[in-house]
Asks: 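Attaching a single structure in structure tokens format; questions to follow.
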Amino acid sequence: MKRIVVVGASAAGLAAGTLRREGYEGTLTLVGIEHRTNAAEQGMAAARNLLRPEARRPFAPVPYFWSDQYDMRVQVYGFLCGHDEVAVVDGSLEERRFLAAYRTGDRVTGVLAVGMPPRAIRVWRQAIAAGAVWQESVPASEGTG
């Protein structure tokens, strides 16, 4: 997944923070990620681009959030909307402890973990950032539609 917006210094200035909206390649809407993790990553990207304008890099994190809902932690990387397929790749819905991967086209574009430890989902962040191919990342028999 690639960004189409660069965070950095220019003649027009610098944009970062909760008022910033980003267009993600492959989506038709602007997205505002208002989680503290994203805000911290924006700050680091802005500082890096301000201090080294000759080596400016796009701000391209994988969207992330988590929330504790009673006795369950919900964690998400990437996008869960507009997908073509979802597959439970670890745990089970019946146990209320699972990890589900989301596919758009031939790529892994999102992952949802409920009641799973953080380490179970972290590897999927790299898969989403790298644009991992679904068939190489998710067993064929796992799809649920």
Asks: If you look at every heavy atom in Leu112 and Val76, which pair is closest and at what distance?
Replies: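 Closest approach of Leu112 to Val76: CD1-CG2, 3.7 Å.
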Asks: Between Glu54 and Arg56, does at least one N-O distance fall below 4.0 Å, as a salt bridge requires?
Replies: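 A salt bridge is absent here (no side-chain N lies under 4.0 Å from a carboxylate O).
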Asks: Which salt bridge (charged side-chain N to carboxylate O under 4.0 Å, His left out) pairs, counting each pair once, include a residue from residues 91-101, with sequence neighbours left out?
Replies: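 Sorted pair list comes back empty.
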Asks: Is there a path of hydrophobic side-chain contacts, each under 4.5 Å between heavy atoms of I/L/V/M/F/W/Y residues, joining Met44 to Leu50?
Replies: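 As far as the 4.5 Å side-chain criterion goes, Met44 and Leu50 are not connected within one cluster.
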Asks: Would the distance check show the side chain of Asp106 and the main-chain N or O of Trp134 forming a donor-acceptor pair, the cut-off being under 3.5 Å?
Replies: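 Flag not set: sc Asp106 to bb Trp134 has no pair under 3.5 Å.
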Asks: Do you know which two heavy atoms are closest between Tyr64 and Tyr77, and how far apart they sit?
Replies: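 For Tyr64 and Tyr77, the tightest heavy-atom pair comes out as CD1-CE2, 3.0 Å.
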Asks: Between Gln75 and Met116 (side chain of the first, backbone of the second, donor and acceptor by atom type, cut-off under 3.5 Å), is there such a pair?
Replies: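 A pair under 3.5 Å: yes.
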Asks: Report the residues that fulfil side chain to side chain donor-acceptor pair (under 3.5 Å) with Arg103, sequence neighbours left out, ordered by chain and then residue number.
Replies: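 So Arg103 forms a side chain to side chain donor-acceptor pair (under 3.5 Å) with Glu85.
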Asks: Could you report the tightest heavy-atom contact between Gly82 and Thr104, atom names first, then the distance?
Replies: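 Looks like O-OG1, 3.8 Å.
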Asks: How long is the straight-line distance from CZ of Phe79 back to CD1 of Ile128, given to the nearest 0.5 Å?
Replies: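 Reported to 0.5 Å precision, the distance equals 10.0 Å.
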Asks: Could you measure the distance from the CD1 atom of Ile121 to the CZ atom of Arg119? Nearest 0.5 Å is fine.
Replies: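 Answer for the CD1-CZ pair, Ile121 versus Arg119, is 13.0 Å.
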Asks: For the residue pair Arg73 and Pro118, what are the closest heavy atoms and their distance?
Replies: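 That closest heavy-atom pairing would be NH1-CG, 4.4 Å.
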Asks: Do Val133 and Val108 sit in one hydrophobic cluster, given that two such residues count as connected whenever their side-chain heavy atoms are within less than 4.5 Å of each other, even indirectly?
Replies: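 The answer is no; the residues belong to distinct hydrophobic clusters.
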Asks: Might you point out which heavy atoms bring Val62 and Gly78 nearest each other, and give the distance in Å?
Replies: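 For Val62 versus Gly78, the nearest heavy atoms are CG1-N, 3.4 Å.
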Asks: Where is the tightest heavy-atom contact between Ala101 and Val89, given as atom of each residue plus distance?
Replies: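 So the two residues come closest at CB-CG1, 4.2 Å.
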Asks: Is it true that Tyr102 and Leu93 fall in one hydrophobic cluster, defined by side-chain heavy atoms closer than 4.5 Å?
Replies: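 Cluster IDs for Tyr102 and Leu93 match.
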